[in-house]
Each structure stands twice: as structure tokens, then as C-alpha cells.
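First comes the structure, then the notes that go with it.
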Amino acid sequence: MSAATLPNSAGEQLALAGLGRALVQNQLLRLDQASAIQRRANAADTRFIDQLLLEGTMSASQIANFCAETFGHPLLDLSTVDVTALPTSLIDKKLVGETQVIALAKRGTRLSVAISDPTDLQAIDRIKFQTQAQIDPIVVEHDKLLRLVEKLGKSAGEQLADMVDDSMDFELPTEDTTSSLDANTDVEDAPVVKFLQKVLLDAIQAGASDLHFEPYEKFYRIRLRVDGELREFAQPPLAIKEKLASRIKVISKLDIAERRVPQDGRTKLVIGPNRSIDFRVSTLPTLFGEKIVMRILDSSSAKLGIDALGYEPDQKQVMLNAIHRPYGMILVTGPTGSGKTVSLYTCLNILNEPGINISTAEDPAEINLPGINQVNVNEKAGLTFAAALRSFLRQDPDVIMVGEIRDLETADISIKAAQTGHMVLSTLHTNDAPTTLTRMMNMGVAPFNIASSVILITAQRLARRLCNCKDQIELDEDALIQAGFREADLDGSWRPFRPVGCDRCGGSGYKGRVGIYQVMPISETIQRIILDQGNAMQIAQQAKLEGVRDLRGSGLIKVKHGVTSIEEVLGVTNE
């Protein structure tokens, strides 16, 4: 069949071939329309498909569906393709830009390529000649193809420059960096600096607790932990992993030349005149580069007040009574990331008055509170928890906070301080309150010292709060009883809620977190059990008799009040 023709403005015959001809033959375009589009494309030195989309005659989706159906080629949505897995080295970058064809996969001598106009035989022949492979066209939408061609043709720096917002007006402090900074100019790469600023700001706005920068063999990803769950945030180009790691090290006052051993540091992001966010930074050498975790430390979280933490009214009163006693030891226990530090600093903020001398020893100090004397322990320099505590006791403190009791020496000094007129607050890594006492015995602390110094132990977990999109559900009474509810609780006056998902919570059904607590005061009866070297089970039984709720019981109250879901409580208490 001969090509469709039409007299042009000069009275000559204008040949119409390829995509335009196919659209005319299938009556999707009139002959005069197609020829006019072809003339304007020739005048602009562009392709027929580009001009067709520019004029809005057809959409990219309509063209792709037409080409796939008419020419019998598979149709692919490029937005579902993992760009990092594409064999980009098979076709020269310059040729990709000229032909607008991208290699998708190669099997033997056959190469699958993404193309938006399969009638462009010249482009297919050029790819075939360069790759020496048999070409299998796969039809894609032209606009998505152009964006991917542009992305693959850019350098890593240009891609990052497109991802950042030049209007950001905050800065990262970079003073007092290591001397090796002068020897490495890559860390001052402007797109990387701006990209890191944007990532940190986005993480803060998302309410993340930490960021993970993770290099792998074929890709590089950044993940955020939001409400206790890790979510993928971005996959920047693999080529920038060293520059990004160096930049983070510079602002954290770490040695950028050292990549063989883990390092720890911290930095501060100044967001505005009245707010700054601290980050605790940890680097770890892995197979394909350094994994970096940045923990977000927001001092404002300690100023929310005890009511915002999630204590039940009776638990809150027991805690307040304990911290206002003149001396004794209060222990907060739970796994990493359960909010122990925020709980301790909330208590310190309540006690922080001009007439009270407060000193803390931490590794490192996570939250900065004016009016509190904070010390970072430094094992290499000999400033251990025990050494800091000895110094505190020579400075007449009223309240002492020890970041963590890790060994017998620290435990002994803390207990002696609690026995000699000081309020001591600290943390331990145990599953619940009763096992904390037996853990201290196993460390070698004498039962008499434990019984005479510890006045309160709080175990805690963090559960995700249900978003406002939550919905009530009907659950079988047997299921509720199996979860831990008593029959007296099932009076029909309430129903549990389930997560639904909306734009506000990102579809998860949860927004924010709330604490679940086991607050156990040390009564005379529990003291006698400790003196008799009783086990954690005996202590737990006595605490239950005295009305102390375990973690599951406290979580179920949150379920009853519609704060969280049964699934969440069962997941975080795991009893």
C-alpha cells in the first residue's frame, strides 16, 4: 500500500509514513490533520509523535495503546520499572538521547527495548547496529520515556540538583571539622549539600525518629523510621554514596578519611531562630560502603509534659510522687527505641527548678535542657559512667541521671548515691519491671542495697496511635478474652477500633505513638521478696496483688479508649 500523500504549501506532494500514516489508516486522524502535524514537526526539526503530543491531539496513553494493539508489541508502564536494574551500559548514552530508546533487558542475542514509536525503523536499526542484537520493541508512553531518557542522561550531581529546593533558608554547622576536610573537596559538592539538607528537613516534617543511609551493590537507598516502622524515602544515584557519607561525617565532626571502623558523632540542624534539631550519627562499614544512621533528637519532646506521654491517671500520680521524694532510685526499662530517654527527661524537666542541682551522665547526651548539667561519657578518655558519678557526688547534686547502668561499678555508685540523700534516675534494658530487680541481682548488686534504694520501676513500650480515620469493629467475646480482657470489661459500652487509612496517615491507619507503661512502686512486701532473693515471678505476682498492671493490661486500656488497636498492643507487648 502506498504512503498517503497531500499537496504541501508549495504544491508538492508531502509523503506521510510511519505513525502518522497508521493513525490515518485507522481513522484516528484525518489526512489533512496528520499532514499538517508532519509539516510543523519538520519545521521544528522534531518527531511526529512529539508534535502530536505538543498540540494535544492525542494523549501519550492513547498513542501507546494504539501502537501496542496495531503493531502487536507488548505494552509496559515505565513507572513500574526499577530504574536501578536497567542495563544502561548496553546502549550509548548519546544514542539513547538521539533515538529515545532505552534498553530494558537482554537474553542471549535478543535485546528488549522501550520505545514509544515502533514505526521509527531508523532508530531500531541504529540500536541493532550498535548492540549487534536482535531488537524486541516494547511500547511505552512517550512522556514517561522522555523523562527516563532525561534522567539516565544526567550526571548524579544534576539529578540531585533537580531534587532539591533552592529556597531553603536553614544551614548545617560545619565548624571544628577534622583536618582531613581540607584534603577532600568532594564533600562541598553543592547538590549533595542541598540534597542532604532537604532529606533531613523532610524527615523532621514526617515525624521520623531516625534516618538510614544504606549502600548496596546495585543501588543506594534512604529509609526513615516513622512511628516505629521503616519506610523507604528515596533511592538517590549510587554514584553519590561516598560524597553523601563524607558530607554527613563533616557536619558530625567525624574523620572522613576513616572508612574501616565504626564512628559516632552528632550534629545540629538550625531550622529557624527559635528551633534547632540535634542528630546522633553512627557509621558502620558494610560490604558496599558505609551505612549511616542519623537519630533525630528533638528537645521539644521532653517539654510536652507527662500528660502527653500516655500514663494512665493512677500511673502518673505514682510516678510524680516518686520523683518528688528527696532520695531513692527510679529505673526506666525497655528495649532500644521505647522512649526511655524522653520519659527520663520529662521527669527532669518537672524537677528542673532554680533551687535544684541536676547532673546527668549519658553516652551521649541526647536532649539538651537548659539548667541541667549534662556530661558525655568518653570511655577512651577515661570518663566512664562511674567516673562521672564520683565527680557528681563531690558537687553536691540533688538529682542525678545516669544514661544506663551497664556494669556493677556504675550500679554500686548509683545505689550509694540513692542511699545517701540523692534522687537517682537511670535506665536498664529489661523486658518488664519485675525482671529488672533480678537483673540487678545477677549483675552482683547485693539484695539489701536494691531493697533499700530502688523506690520505683517503670517498664514501657511505644504503640502506634490510631489515626482519626479509625473505624469501630465487632469482635467475638472469646477473642477479646483471649487478648486479655476480663468478662467484666465486656459490658457492651465500647467497641474496639481498627486502622483504616487516609491521606493524613499515609494509608497506614496510624499517626503518632503513645506510651504503654507498667509502673511498679517497691512496697515493703516486694522489698522482703528481694531480701529473700526471690525471683521475678514472685515479684510479679505480688505486684499484681498490689494492683500493678502489666504492659498488656495497660495496653488494653488504650484499646478500650480507642487510642490504639488490639493488633498493635498484642504486637508490642508480646506476652
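For the pairing with Arg223, the side-chain hydrogen bond (donor to acceptor under 3.5 Å, both in side chains) check across Glu214, His212, Glu232 returns one residue only, Glu214.
Between the side chains of Thr57 and Gln33, no donor N or O sits under 3.5 Å from an acceptor N or O. Of the N and O atoms on the side chains of Arg221 and Gln235, not one donor lies less than 3.5 Å from an acceptor on the other residue. Under the 3.5 Å distance criterion, with hydrogens and angles disregarded, no donor-acceptor pair is assigned to the side chains of Thr564 and Tyr510.
Nearest heavy-atom pair across Val24 and Ala34 is CG2-CB, 3.5 Å. The minimum heavy-atom distance linking Ser246 with Ile256 is given by the pair O-CG2, 3.6 Å. For Leu224 against Ala203, the heavy-atom pair with the smallest separation is CD2-CB, 3.8 Å. Of all non-hydrogen atoms in Ala114 and Val140, the two that sit nearest each other are CB-CG1, 3.8 Å. Between Ile516 and Gly555, the shortest heavy-atom contact is CG2-N, 3.6 Å. The shortest heavy-atom contact between Val192 and Arg247 is CG1-CB, 4.3 Å.
Annotation: side chain of Ile91 is not in contact with side chain of Ile102 (no heavy-atom distance under 4.5 Å). Side-chain contact check for Thr283 versus Ile248: every heavy-atom pair is 4.5 Å or farther apart.
Surrounding CD of Gln132 are more than 12 heavy atoms belonging to other residues, nucleotides or ligands, all under 6.0 Å away. Within a 6.0 Å sphere centred on NZ of Lys560, heavy atoms belonging to other residues, nucleotides or ligands number more than 12.
Note that the CG atom of Leu244 and the CG atom of Leu196 stand 5.5 Å from one another [nearest 0.5 Å].
Every residue two or more places apart in sequence or in another chain that forms a side chain to side chain donor-acceptor pair (under 3.5 Å) with Arg464 is listed here: Glu229, Glu568. In this structure Asp120 satisfies the side chain to side chain contact (heavy atoms under 4.5 Å, CB included) test together with Arg47, Asp117, Gln122, Ala123, sequence neighbours excluded. Applying the ring pair (Phe, Tyr, Trp, His ring centres under 6.0 Å) test to Phe71 and every residue at least two apart in sequence or in another chain returns nothing. Residues meeting the side chain to side chain donor-acceptor pair (under 3.5 Å) test with Thr46, sequence neighbours left out: Asp50. The side chain to side chain contact (heavy atoms under 4.5 Å, CB included) check on Ala245 picks up Glu290, Ile292, with sequence neighbours excluded. The side chain to side chain donor-acceptor pair (under 3.5 Å) check on Gln263 picks up nothing, with sequence neighbours excluded. Residues satisfying the ring pair (Phe, Tyr, Trp, His ring centres under 6.0 Å) test with Tyr517, not counting sequence neighbours, are Tyr311. Taking the side chain to side chain contact (heavy atoms under 4.5 Å, CB included) definition, one finds that Lys218 meets it with nothing, sequence neighbours left out. The side chain to side chain donor-acceptor pair (under 3.5 Å) search around Asp136 returns Arg110, not counting sequence neighbours.
For the side-chain hydrogen bond (donor to acceptor under 3.5 Å, both in side chains) condition, no pair includes a residue of residues 66-76, sequence neighbours left out. Sorted by first then second residue, the ring-ring contact (aromatic ring centres under 6.0 Å, His included) pairs that include residues 218-249, not counting sequence neighbours, are Tyr216-Phe219.
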Using residues 334-341 as the side-chain source, report each donor-acceptor pair under 3.5 Å to any protein atom, sequence neighbours left out, with the distance given to one decimal.
| unit_1 | atom_1 | unit_2 | atom_2 | d |
| --- | --- | --- | --- | --- |
| Ser338 | OG | Pro335 | O | 2.7 |
| Lys340 | NZ | Gly334 | O | 3.1 |
| Lys340 | NZ | Pro335 | O | 3.0 |

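A donor-acceptor pair is defined here as one N or O able to donate and one able to accept, closer than 3.5 Å; no such pair exists between the side chain of Ser252 and the backbone of Val281. Lys144 places no side-chain N or O within 3.5 Å of a backbone atom of Ser79 that could act as its donor or acceptor partner.
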Under the side chain to side chain contact (heavy atoms under 4.5 Å, CB included) criterion, do Asp278 and Thr267 qualify, and how do the steps go? CA-CA 6 Å; Asp278 288 317; Thr267 187; over 6 Å; no
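Ion pairing between Asp32 and Arg30 holds under the 4.0 Å rule for side-chain N and carboxylate O.
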